[in-house]
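These figures come from a predicted structure and were not determined experimentally. Note on naming: letters A, B, ... go to the chains in the order of the sequence lines (proteins, then strands), and numbering restarts at 1 for each one.
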Protein chains: 2
Amino acid sequence: MENSFCSEYWPETCYVNQDSVYLLPQVPCYFPQIQCSRESFQERRESASRSHSEAEKRRRDRINAQLSTLRKFIPTSEKMDKAALLGSVVDHVKDLKGKTAEISKVLNTPSDIDEVTIEHLKEEEENKGCLLKASFCCEDRPELFSELQRAIKNLKLRVMGADITSLGGRIKGVFMLCPNENSANDVCMNSLKRSLRVVLSRIAISPSTSNYRIKSKRQRFFLPAHFS
Amino acid sequence: MENSFCSEYWPETCYVNQDSVYLLPQVPCYFPQIQCSRESFQERRESASRSHSEAEKRRRDRINAQLSTLRKFIPTSEKMDKAALLGSVVDHVKDLKGKTAEISKVLNTPSDIDEVTIEHLKEEEENKGCLLKASFCCEDRPELFSELQRAIKNLKLRVMGADITSLGGRIKGVFMLCPNENSANDVCMNSLKRSLRVVLSRIAISPSTSNYRIKSKRQRFFLPAHFS
DNA sequence: GAAAACACGTGATAC
DNA sequence: TGTATCACGTGTTTT
């Protein structure tokens, strides 16, 4: 074992004497032993140890930075230790989650999932009397309404009623639609539904995968008239 | 310095030889030095070290337990390291806080602060025509409504309208009140307001400091009729 | 002065 | 391989 050491993977398990390096007797050697001078060994050992401890410090700092950010969210969390702070955060999140869930029960708030559904509400022989319920849920963006309006007009439909809710940058809408005065009487309802679904999906769902969408921090809030 | 050590506060800064304990020369001694045998020193040192490391383990476990609780709240947080997890928690809290703030803009949600305010809306010579706006915000509890009803009746008042919102275990209410048919015509409005404030405060605010209040996890949600 | 809380450096491990 | 994360024990400070 004389004049040998076990790579910088085991810096602390080696014993350094005058100008040679020995493995401590109880340490198993997993790596090929490399002969080197005491100076070279110490150099490598110190460099490795330094970078290791510096990396660990960076990691601790990252965690602690997030902890202080969280501390700002929790009132009276000054003086709390880390575990207590995290406990408060848990309670806080639970509370907020509960509140938004309660709200969602009565307010039909938008979900995180993009979706478009078309329903045929009133089955009629004549097209003029039919009623389509078109629902969508997607990221909110400024041009959404004009696009919807144009699409509805192009399909020769008319908005009979709408219920729109925007919350947290997302938007959920339900439109009641029926054929307008320009609509032909012999339009096939199934193909109209299909067209509506395709057009709405293009507006509400496709943009989220392209870079077209603008993630606006400015959040609008729309509620049906009777809410205000 | 011979035959002395520096209490178990400095377990690692002492040098133990055959049967005596020496302070390392560069270590300042903050505590009275105590003579003891090598065995006694080691015993104390090991015991102190053990309890210290056990306490530290308990602390780490407490923190990590909260972290795993938080992990359950964040979808796709499996595989995240601690810093990233906390970052997601920060985002999540921000998001929820923003949503509830948005909601509060349109929904008059209850705040965390107990309060009662009485306003005199319509100034009239004759009592019968006067209109009082009584607002309160407090913890929700099952008996609240019957107590309010009784109080209003006792003051010879009549409910002309009400807007009540309960959210997250707290409740906010606004009552429009006017004197009822049993009310005397010459009642002093200021003393009526004062009485109303005292009675409402007793119902809405006092219970929170006594042990009378039941912290019910079951949360009710009331909204004005036109919301449903 | 004993316990609690924190930062630190280290060994182990995963990729 | 190096680089990142984690748990651990320790030194130090605070209460």
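When the P atom of D/dT10 is taken as reference, atom CZ of B/R60 falls 11 Å away, rounded to whole Å. Rounded to an integer number of Å, the gap from NZ of B/K57 to C1' of C/dA3 is 19 Å. Atom-to-atom, CG of B/D61 to C1' of D/dC6 comes out at 13 Å; the value is rounded to the nearest Å. As rounded to whole Å, 13 Å separates atom P of D/dT5 from atom CG of B/L85. When the C1' atom of C/dC6 is taken as reference, atom CG of B/N64 falls 15 Å away, rounded to whole Å. The separation between A/M80 atom CE and C/dA4 atom P is 18 Å, rounded to whole Å. Straight-line distance from the CZ atom of A/R58 to the C1' atom of C/dG9: 14 Å, rounded to whole Å.
A close approach under 4.0 Å does occur between a side-chain nitrogen or oxygen of B/K82 and OP1 or OP2 of D/dA7. Phosphate proximity of C/dG9 to A/S49: absent, as no side-chain N or O sits under 4.0 Å from OP1 or OP2.
In this structure the side chain of B/I171 never reaches within 4.5 angstrom of the side chain of B/E139, judged on heavy atoms. You'll find the side chain of A/S111 reaches within 4.5 Å of the side chain of A/C137, heavy atoms only. With contacts defined as side-chain heavy-atom distances shorter than 4.5 Å, the pair B/F73/B/V89 does not qualify.
Residue B/R59 is the one, among A/S53 and B/R59, whose nearest nucleotide of DNA chain C lies closer to the 5' end (criterion: closest heavy atom). Nucleotides of DNA chain D nearest to A/K79 and A/A55 differ in position, and the one nearer the 5' end is that of A/A55.
For A/D81, the listed nucleotide lying nearest its side chain is C/dA5; candidates were C/dA5, D/dT5, C/dC15.
Salt-bridge annotation for A/R59 and B/D81: absent, with no side-chain N of the basic residue lying under 4.0 Å from a carboxylate O of the acidic one. Ion pairing of A/R170 with A/D114 is present here, as a side-chain N (NZ or NE/NH1/NH2) and a carboxylate O approach within less than 4.0 Å.
Within 3.5 Å, no donor on the side chain of B/E54 pairs with an acceptor on the base of C/dA3, nor the reverse. The base of C/dG11 sits with one of its N or O atoms less than 3.5 Å from a complementary donor or acceptor on the side chain of A/H52. Within 3.5 Å, no donor on the side chain of B/R50 pairs with an acceptor on the base of D/dG9, nor the reverse. No hydrogens or angles were tested; on distance alone, nothing pairs the side chain of B/E56 with the base of D/dA7 as donor and acceptor under 3.5 Å.
At the heavy-atom level, B/R62 lies under 4.0 Å from the strands shown only through sugar-phosphate atoms.
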